[in-house]
Structures are given as structure tokens and as C-alpha cells.
Peer 1: 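After the C-alpha cells below, expect a handful of questions from me.
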Amino acid sequence: MSQKLNTPKGTRDHLPMDVRKREYIFNAISKAFESYGYQPIETPSFELSSTLMGKYGEEGDRLIFRILNSGDKLKKADVEALNNGQLAKFAHSLSEKALRYDLTVPFARFVVQHQNEISFPFKRYQIQPVWRADRPQHGRYQEFYQCDGDVVGSDSLRNEVELIRIIQQVFRFLKLPGFTVKLNNRKVLSGIAQVCGIQDELISLTVALDKLDKIGKEGVVNELVSKGFNAEVLKKIEPLFELQGSFNERLLQLRDFLSGNEMGLLGLEELSFVHSKLKDFIPGKEVLELDVTLARGLNYYTGIIIEVKAHEVEMGSICGGGRYDDLTALFGLKGLSGVGISFGADRIYDVLNSLDLFPSQLSMGPDILFLNFSDTTADVSDGWAAELRSHGKTVEVYPSNAKLQKQMKYANDRGAQWTAFYGDEEAANQSIVLKNMTSGEQKTYNVATWISDWLG
RNA sequence: GAGGUUGUAGCUCAGUUGGUUAGAGCGUCGGAUUGUGGUUCCGAAGGUCGCGGGUUCGAGACCCGUCUUCCUCCCCA
């Protein structure tokens with residue numbers, strides 16, 4: 001090796017076992033979506049910059065990977081803007097395309113573009129990688145898979161309920177020891193801001209509140225003070241830190257807090273409805289929690305917002321989503337409400353790995369490996385292999401007449417369940433030897449009947 | 001975007017205040033064993049010390065830059 005090799009920052013290779021594990025997760029998610037009638041779609045890895053920019057807030061825009069123009073298009077670079085220090089304008093002139101940052105915005109574009117080819121309410125799911133120019137950290141990558149499901153064209157809260165049931169189904173299937181679905185509502189957050197008379201600082205407030213479980217009440221207060229919130233406002237929001245008890249008890253406390261505020265109370269009604277439809281959560285294991293500090297950064301959410309955390313492991317949220325009323329309006333189609341969730345496959349992978357929840361069968365190699373003793377016997381093995389494959393078995397024939405020791409080691413490393421010995425000796429007396437690689441036991445069969453005997 | 005941290009064999013890591021030819025374990029390959037793996041024994045191969053520059057008689061070690069790793073912010077899946 002003449003050079004130190006590495007994948008780019010924040011990306012990873014996936015060995016066969018990793019891919020199997022990830023497929024296991026994808027399968028759980030797509031099965032759940034399919035069972036509720038969601039249909040799969042795909043969109044391109046990259047979009048026009050104009051489609052993505054400005055949809056995720058300033059912070060999000062900064063994290064979008066841009067694709068450099070090539071060839072003659074590069075000549076259109078706005079050097080004047082560069083000289084004037086207008087870096088954003090200069091960057092824009094260099095790049096007309098960008099890697100997708102999530103699957104929701106491209107989906108909104110998709111819906112508007114194909115509105116005459118799909119029928120509403122449209123339910124789709126999509127499993128594809130997304131890219132963010134973020135600094136890598138625990139559970140954060142620059143390339144990762146999102147598994148999204150959205151419903152557009154229906155403002156019924158039954159969609160929210162359905163999506164939470166899908167979350168439940170996925171994590172039950174994956175045998176998570178427990179998870180908490182946190183719910184909040186942007187309308188409630190807006191109501192809180194209105195009650196406090198700080199509508200314009202809504203985002204500062206929610207960003208600070210969002211950190212409550214991390215930096216505590218004191219930390220939040222400090223941050224709010226440094227953001228310029230006065231003592232009167234701080235006093236007003238005080239009760240929000242003290243919310244306690246069950247979902248319904250918290251609802252009651254918030255009703256007090258928001259009394260008289262139409263927007264906020266509507267938000268609470270919505271949360272109450274969703275909660276009332278989800279009665280089969282297993283206590284302690286599957287928790288539905290009302291959390292006013294849940295904000296979620298994406299600023300296109302307008303209604304209920306959802307975030308899921310796994311129990312018994314330190315990891316950021318493994319699924320998130322919410323309702324967005326105007327996303328397609330950004331692309332010229334008004335009056336189409338949508339709601340969606342996004343599973344973070346790579347984080348779920350990390351969770352399952354650290355809790356050792358992947359089924360052991362995933363690591364199994366071929367059911368049977370035919371050892372290779374000569375071209376003529378390998379040809380016969382090929383025939384048997386084809387027959388076994390038609391019975392649904394995974395079969396390999398070792399490609400060359402290597403030393404037996406080497407072939408056995410390969411079988412062992414691959415996790416082969418059985419090895420088959422068919423060489424000149426066996427050919428001479430019309431037999432074949434099957435060896436169980438776990439127990440080490442060997443058994444001799446008659447070539448005429450061995451397949452049905454062994455399958456039997 | 002801010003601050004810190006890391007990089008030596010395929011992998012995990014030693015490497016003394018700067019001083020000859022950079023080491024170990026695991027893995028790989030070969031042999032003990034010419035038709036039997038996962039245990040054992042013997043042997044071998046494998047390194048531009050992340051990359052570029054600098055200081056020095058001399059740099060894996062010190063300095064600067066850069067890329068990368070992991071972490072704390074910011075933000076998020």
C-alpha cells in the first residue's frame with residue numbers, strides 16, 4: 001500500500017454483515033409502511049439548488065452539500081461577487097445543483113410536479129441516503145439513510161395516529177426494549193409565545209426550551225436571559241418547567257397556561273385527540289409523552305411534531321417528524337397539508353448493535369459448500385448445487401482445487417453450515433460425505449438419493 | 001461555523017530527554033499434516049511513521065500548515 005486510504009469525512013464503508021443488518025432494518029420499516037398502504041418512490045440524489053435552499057433555515061442551508069458546476073458552466077462564476085466579499089452570491093454562481101439534505105423537501109417537489117399523476121391523499125415511503133455537511137459526531141454522519149413516510153392531501157389527525165402506529169410496529173418488530181414517542185405541537189409553542197407576548201422570538205424560545213433535559217432549567221433560563229428575554233417573560237414561562245404527570249395531567253396544566261389563547265388550545269385539542277386513539281401502548285415500555293420542550297429545528301412544521309428516543313441507550317432521536325401545512329405551497333401548490341415521519345436508519349443500526357438485538361441468523365453463511373477436488377467432480381457438484389438452489393438453499397462450490405485445508409478454512413470463515421466432500425474416492429464408490437460444520441459430524445450418503453435424504 | 005483530540009504493519013497498539021537497521025500481539029501466507037476448519041508448534045512476508053513544509057549534524061518524536069478520527073458547542077437522523 002503506497003498511500004493512506006480513507007473514505008471522506010463522515011462516511012463509512014459497509015461490509016457484508018453491515019449491509020445485512022441494515023437491510024434487516026429497511027425491511028422492518030418498509031413492511032410496516034406497506035402494511036398501511038404506503039407506496040415506494042425514489043427521487044434523485046441531487047436536486048437543483050433552488051429546490052433545496054431556504055427550506056431548512058439558515059443553519060440548514062449551511063449544511064447542504066453543493067455540487068460544483070463543471071465545464072463551461074464554471075466560467076459563469078461571479079468573480080465580481082467574490083471580490084466584493086459576497087461569498088453566498090459567489091457560491092451560488094459556482095453551483096446549480098446540491099445533494100439532498102432530507103427526503104421531505106424533495107418529496108414536496110415531487111408531489112407538486114406530479115400532482116396530476118397521483119391521487120390524494122397520497123401515501124408514500126422512501127428509503128434513500130441523504131447528505132449533510134455537518135461535523136461528524138457520535139451517531140452523526142455526513143451520509144446516512146433516511147426512511148420517510150408521508151401523507152399529503154389530508155389534514156385528518158388520523159394520519160398522525162397512523163404514523164405513530166407504524167413507529168410502534170417498526171420498533172416492536174425490531175424488539176427494542178422500549179421507546180418513548182414525544183409529542184408536541186407547533187400551535188402550542190406559538191400559543192405559549194403569544195401568551196408571553198413574544199411571538200417574534202418564538203424560535204429563540206423553542207431552541208432554548210429544547211435543551212431543558214440537557215442543560216436543566218437553570219441553563220435554559222440563562223440562555224433566555226442572554227437572548228434578551230426580560231424578567232416578566234421568564235416569570236410567565238416558569239410553569240412550563242414544572243409540568244408533571246401523565247399525558248392527560250400535562251394537558252390540563254397546559255390548558256390553564258394557555259387559557260383564552262385560541263391557537264394554543266387548538267394545538268392541545270389535536271394532541272388530546274391523537275393521544276385518545278393510542279391506548280395500546282405497553283406501560284413503561286412504549287411511552288407516549290407530551291413534551292412542550294420538544295421543538296425540532298426544521299421550520300416547515302406547523303402542527304403536531306413527533307420525536308422518538310430509544311430506551312436503555314444513549315443516542316439522539318431515532319425517528320422524527322410532524323405536520324407541515326405549507327410545504328408544497330413553496331413550490332406553488334397551496335392548500336395541501338402533509339404529515340410525515342423519518343426513521344434514522346443509521347442511528348437505529350447503532351442502537352440495535354449496542355443492545356445486541358440483531359438476530360444471529362443474519363451472520364449465517366451458505367447452507368452448504370461443495371469442496372473442490374477436481375474439475376470433473378466439481379462439475380458434478382455444480383449440478384447438485386443447482387438442484388439445491390431450486391429448493392431455496394444457498395449453495396457455493398469452491399472455485400478451484402486448492403488445498404483442502406484452505407477450503408475448509410474458507411468454509412469456516414464464511415460460516416458455512418455444511419461442507420460436502422465429493423472427490424475421486426467418493427466418485428469411485430458412488431458416495432458423498434456431508435460434514436456438519438458446527439458439530440463436526442460427518443455422514444456418508446449414496447449419490448443417487450443423498451439430496452432428498454439430506455433435505456429430508 | 002467555534003474549541004479540544006487523534007493518526008506508527010491489514011487490525012489493536014508500544015516506541016525513553018531528538019541518536020545505529022522502527023517493535024509486539026492478533027490477522028495473512030508457508031510448513032509440521034500431499035483428503036478435513038474453528039486448538040497447538042515452527043517460519044516468513046508485510047512500514048514513504050496521514051500528507052506537505054520547517055528547525056537540527058540527525059525527526060516517528062519538536063514547530064507550522066493541511067487532511068482524518070473521536071469529543072464538547074451549534075444544530076440535527
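Throughout, a chain's letter reflects where its sequence line sits, starting with A, and its residues are numbered from 1.
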Peer 1: Quick check, are the ring centers of Tyr38(A) and Tyr125(A) under 6.0 angstrom apart?
Peer 2: no
Peer 1: Under 4.0 Å, counting only non-hydrogen atoms across every strand here, what does Gly60(A) touch: a base, just sugar-phosphate, or nothing?
Peer 2: nothing
Peer 1: Starting at CZ of Phe343(A) and ending at P of C76(B), how long is that distance when rounded to a whole Å?
Peer 2: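 In whole Å, C76(B) P and Phe343(A) CZ are 20 Å from each other.
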Peer 1: Can you tell me how the ring of Phe122(A) sits relative to the ring of Phe110(A), calling it parallel under 30°, perpendicular over 60° and tilted otherwise?
Peer 2: parallel
Peer 1: Among the candidates C75(B), G37(B), C76(B), find the nucleotide nearest to the side-chain atoms of Asn412(A).
Peer 2: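 Out of C75(B), G37(B), C76(B), the nucleotide with an atom closest to Asn412(A)'s side chain is G37(B).
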Peer 1: Indicate whether OP1 or OP2 belonging to G31(B) is found under 4.0 Å from a side-chain N or O atom of Lys403(A).
Peer 2: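 For Lys403(A), the contact criterion (side-chain N or O under 4.0 Å from OP1 or OP2 of G31(B)) is met.
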Peer 1: Counting the atoms with a prime plus P, OP1 and OP2 as sugar-phosphate, which does Gln407(A) contact under 4.0 Å by heavy atoms, base, sugar-phosphate, or nothing?
Peer 2: nothing
Peer 1: Expressed as a whole number of angstroms, how long is the span from Lys409(A):NZ to U36(B):C1'?
Peer 2: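 So the two atoms are 14 Å apart, to the nearest Å.
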Peer 1: I'd like the C1' distance from A2(B) over to C74(B), given in whole Å.
Peer 2: 8 Å
Peer 1: Taking any heavy-atom pair under 4.0 Å as a contact, classify Gly415(A): base, sugar-phosphate, or nothing.
Peer 2: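 Nothing, no nucleic acid heavy atom in range.
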Peer 1: Can you tell me how far C1' of C29(B) sits from NZ of Lys406(A), to the nearest Å?
Peer 2: 8 Å
Peer 1: By centroid distance (under 5.5 Å) and plane angle (under 30°), are Phe144(A) and A77(B) in a stacked arrangement?
Peer 2: yes
Peer 1: Mind checking the P distance from A32(B) to U68(B)? Whole angstroms is fine.
Peer 2: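 It comes out at 48 Å once rounded to the nearest Å.
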Peer 1: For Phe421(A), which contact category applies under a 4.0 Å heavy-atom criterion: base, sugar-phosphate, or nothing?
Peer 2: base
Peer 1: So which one's nearest nucleotide on RNA chain B is more toward 5', Lys9(A) or Cys319(A)?
Peer 2: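 Its nearest nucleotide being more 5', the pick is Lys9(A).
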Peer 1: If the P atom of U8(B) is compared with that of G47(B), how far apart are they to the nearest Å?
Peer 2: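 Pairwise P distance, U8(B) against G47(B), rounds to 15 Å.
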Peer 1: Rounded to the nearest Å, what distance is computed from the CD atom of residue Gln142(A) to the C1' atom of nucleotide C67(B)?
Peer 2: 13 Å
Peer 1: Just wondering, do Gln417(A) and Met364(A) contact through their side chains at under 4.5 Å, heavy atoms?
Peer 2: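 In short, these two side chains touch, coming nearer than 4.5 Å.
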Peer 1: Regarding Ser439(A), tell me which of base, sugar-phosphate or nothing describes its non-hydrogen contacts under 4.0 Å with the strands shown.
Peer 2: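 Since no nucleic acid heavy atom lies under 4.0 Å of Ser439(A), the category is nothing.
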Peer 1: Test the Arg165(A)-Tyr36(A) pair against the cation-pi criterion, namely NZ or CZ under 6.0 angstrom from the six-membered ring centroid and within 45° of the ring axis.
Peer 2: no
Peer 1: Below 3.5 Å, does any donor atom in the side chain of Gln442(A) face an acceptor in the base of U36(B), or the other way round?
Peer 2: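 Yes.
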Peer 1: Under 6.0 Å from the six-membered ring centre of Phe144(A) and within 45° of its axis: does the NZ or CZ of Arg132(A) meet both?
Peer 2: no
Peer 1: At under 4.0 Å between heavy atoms, what does Gly320(A) touch on the DNA or RNA strands: base, sugar-phosphate, or nothing?
Peer 2: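 Nothing, no nucleic acid heavy atom in range.
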Peer 1: If I pick the P atom on G15(B) and the same atom on A9(B), what distance separates them, to the nearest angstrom?
Peer 2: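 Pairwise P distance, A9(B) against G15(B), rounds to 15 Å.
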Peer 1: On the 0 to 90° scale, with breaks at 30° and 60°, tag the Tyr301(A)-Tyr324(A) ring pair as parallel, tilted or perpendicular.
Peer 2: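 It falls in the tilted class, 30° to 60°.
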Peer 1: Taking G25(B) as the reference, what is the distance to U20(B) when you measure between their P atoms (whole Å, please)?
Peer 2: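 The same atom, P, in both gives a distance of 22 Å.
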Peer 1: Could you tell me which nucleotide pairs with G25(B) by Watson-Crick or G-U wobble geometry, both distances under 3.5 Å, or answer none if nothing does?
Peer 2: C11(B)
Peer 1: For U5(B) and G18(B), measure between their C1' atoms and round to the nearest Å.
Peer 2: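 My reading of the C1' atoms in U5(B) and G18(B) gives 24 Å.
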Peer 1: Nearest whole angstrom, please: distance from the P of G37(B) to the OH of Tyr398(A).
Peer 2: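 Rounded to whole Å, this separation is 14 Å.
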Peer 1: Counting the atoms with a prime plus P, OP1 and OP2 as sugar-phosphate, which does Glu426(A) contact under 4.0 Å by heavy atoms, base, sugar-phosphate, or nothing?
Peer 2: base
Peer 1: Is any side-chain heavy atom of Pro177(A) closer than 4.5 Å to a side-chain heavy atom of Leu357(A)?
Peer 2: yes
Peer 1: Please give the distance between the P atoms of C64(B) and G3(B) as a whole number of Å.
Peer 2: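 Per the computed distance, 15 Å lies between those P atoms.
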Peer 1: Map Gly440(A) and Asp210(A) onto RNA chain B by nearest heavy atom, then report which one ends up closer to the 5' terminus.
Peer 2: Gly440(A)
Peer 1: Mind calculating the distance between CD1 (Ile341(A)) and P (C76(B)) to the nearest angstrom?
Peer 2: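 Ile341(A) atom CD1 is separated from C76(B) atom P by 19 Å.
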Peer 1: Taking the P atom in each of A59(B) and G50(B), what is the distance between them to the nearest angstrom?
Peer 2: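 It comes out at 15 Å once rounded to the nearest Å.
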Peer 1: Paired with C41(B) by Watson-Crick or G-U wobble geometry, both distances under 3.5 Å: which nucleotide is it?
Peer 2: G31(B)
Peer 1: For G65(B), give the paired nucleotide (Watson-Crick: N1-N3 plus N6-O4 or O6-N4; G-U: N1-O2 and O6-N3; both under 3.5 Å), or none.
Peer 2: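 G65(B) is paired, partner C51(B).
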Peer 1: Grab the CZ-P distance between Arg22(A) and A77(B) for me, whole Å please.
Peer 2: 18 Å
Peer 1: Counting the atoms with a prime plus P, OP1 and OP2 as sugar-phosphate, which does Phe373(A) contact under 4.0 Å by heavy atoms, base, sugar-phosphate, or nothing?
Peer 2: base
Peer 1: Is the Phe343(A) to Phe171(A) ring centre distance short of 6.0 Å?
Peer 2: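 Yes, the ring of Phe343(A) comes within the 6.0 Å limit of the ring of Phe171(A), centre to centre.
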Peer 1: Whole Å only: how far is the CD atom of Glu425(A) from the P atom of G35(B)?
Peer 2: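 So the CD-P distance, Glu425(A) to G35(B), works out to 9 Å.
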Peer 1: Can you confirm whether or not the ring centre of Phe370(A) sits under 6.0 Å from the ring centre of Tyr422(A)?
Peer 2: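 Aromatic pair excluded; centres sit 6.0 Å or further apart.
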Peer 1: Out of C76(B), U68(B), G37(B), which has the shortest distance to the side chain of Gln405(A)?
Peer 2: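 Out of C76(B), U68(B), G37(B), the nucleotide with an atom closest to Gln405(A)'s side chain is G37(B).
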Peer 1: In terms of side-chain heavy atoms of Ser317(A), which of A77(B), G35(B), U36(B) is nearest?
Peer 2: A77(B)
Peer 1: Please write out each protein N/O paired with an N/O of nucleotides 72-74 of chain B under 3.5 Å, distance rounded to 0.1 Å.
Peer 2:
{"unit_1": "U72(B)", "atom_1": "OP2", "unit_2": "Gln137(A)", "atom_2": "OE1", "d": "3.1"}
{"unit_1": "C74(B)", "atom_1": "OP1", "unit_2": "Lys211(A)", "atom_2": "NZ", "d": "2.9"}
{"unit_1": "C74(B)", "atom_1": "N4", "unit_2": "Arg140(A)", "atom_2": "NH1", "d": "2.4"}

Peer 1: Is it the case that the ring center of Tyr145(A) lies less than 6.0 angstrom away from the ring center of Tyr349(A)?
Peer 2: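 Not under 6.0 Å, so no.
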